[in-house]
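Just below is one structure, and these are the notes that go with it.
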Amino acid sequence: MVEESKRAVKPGRIWRSVLIISLALNMIFIGIVLSAAVSGRFGKEKQRSFDFGIGPIASALTEEERRAISRQVRDSGVQRDFNPRGDMERASVMLRADPFVPEDLLELLTGHNFRMNELQSTAQAVLVEQIVEMSPERRLQLADEIMANIDRPRPPRDQDKDR
């Protein structure tokens, strides 16, 4: 009887594991989508050098402005320890492990989120620095382009399949 109770997994632990696995799968999906978006793999547009959560503004910048921001972010060193693919490969190994250790996966995902937030914050700060250096005319042009990007109608979903 004692052996049976030791073998039985507590329901709370099962739900905790299910929640962590669900979180891991969601993070993997978000990582894949973000990677594809940042790399410019959606649609037939040119590849973007960066996006990092500043989408409508980034798409309104000139190619030279985007390159300058990308260079500054790269030079800041914030990307040095950021390896989304490596994080997801480690998550995959953890998900296959027996026994599964949810705490390890949670620690990995927490670190991944921290590095992603750090990268996004750096990109945003560099963007604002660049905007500060713009002439008033260029800032107005940028604002107009942002609004044009936001207001641009999107093709219906069934037309997206042709891309």
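One-based numbering along the sequence shown. Note that this is a predicted model, so its numbers are computed, not measured.
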**OP:** Kindly work out whether a path of hydrophobic side-chain contacts (I/L/V/M/F/W/Y, heavy atoms less than 4.5 Å apart) joins M147 to I57.
**Re:** yes

**OP:** Starting at CD of Q130, measure out to CG of L61 and round the result to the nearest 0.5 Å.
**Re:** 6.5 Å

Subject >> In one Ile/Leu/Val/Met/Phe/Trp/Tyr side-chain cluster, 4.5 Å: L106, F114 >> reply: no

**OP:** May I ask you to say whether R90 pairs ionically with E107, meaning some side-chain N is under 4.0 Å from a carboxylate O?
**Re:** no

Original post:
Roughly how far, to the nearest 0.5 Å, is the CG atom of N113 from the CD atom of Q120?
Top reply: 11.0 Å

**OP:** Enter the distance from E137:CD to L142:CG here, rounded to the nearest 0.5 Å.
**Re:** 13.0 Å

**OP:** Kindly determine whether D75 and R71 satisfy side-chain contact (heavy atoms from CB on, under 4.5 Å), including the steps that lead there.
**Re:** CA-CA 6 Å; D75 291 348; R71 192 176 318 107; 3.8 Å; yes

Original post:
What are the two closest non-hydrogen atoms of A91 and L105, and how far apart are they?
Top reply: CB-CD1, 3.8 Å

Original post:
Quick one: are V101 and M94 in side-chain contact, heavy atoms under 4.5 Å?
Top reply: no

Subject >> Cluster link V93 to F100, ILVMFWY, side chain under 4.5 Å >> reply: no

**OP:** Considering only NZ, NE, NH1 and NH2 on the basic side and carboxylate oxygens on the acidic side, decide whether D87 and R115 come within less than 4.0 Å.
**Re:** yes

**OP:** Decide whether L140 and L127 are clustered together by the hydrophobic rule: side chain heavy atoms of Ile, Leu, Val, Met, Phe, Trp, Tyr closer than 4.5 Å, transitively.
**Re:** no

Subject >> Which atom of V73 lies closest to which atom of A123, heavy atoms considered >> reply: CG2-CA, 3.7 Å

Original post:
Got M134 and Q141 here, is their nearest side-chain heavy-atom distance under 4.5 Å?
Top reply: no

Original post:
Does the side chain of S92 pick up a donor-acceptor pair with the side chain of R96 at under 3.5 Å?
Top reply: yes

Subject >> Interatomic distance, L109 atom CG to D104 atom CG [nearest 0.5 angstrom] >> reply: 11.0 Å

**OP:** Just do the side-chain hydrogen bond (donor to acceptor under 3.5 Å, both in side chains) check on S121 and E118 with the steps written out, would you?
**Re:** CA-CA 5 Å; S121 295; E118 186 178 34; over 6 Å; no

**OP:** Step by step, work out the salt bridge (charged side-chain N to carboxylate O under 4.0 Å, His left out) result for R138 and E65.
**Re:** CA-CA 12 Å; R138 175 62 185 121; E65 291 167 335; 2.6 Å; yes

Subject >> Separation between CD of E89 and CG of L108, rounded to the nearest 0.5 Å >> reply: 11.5 Å

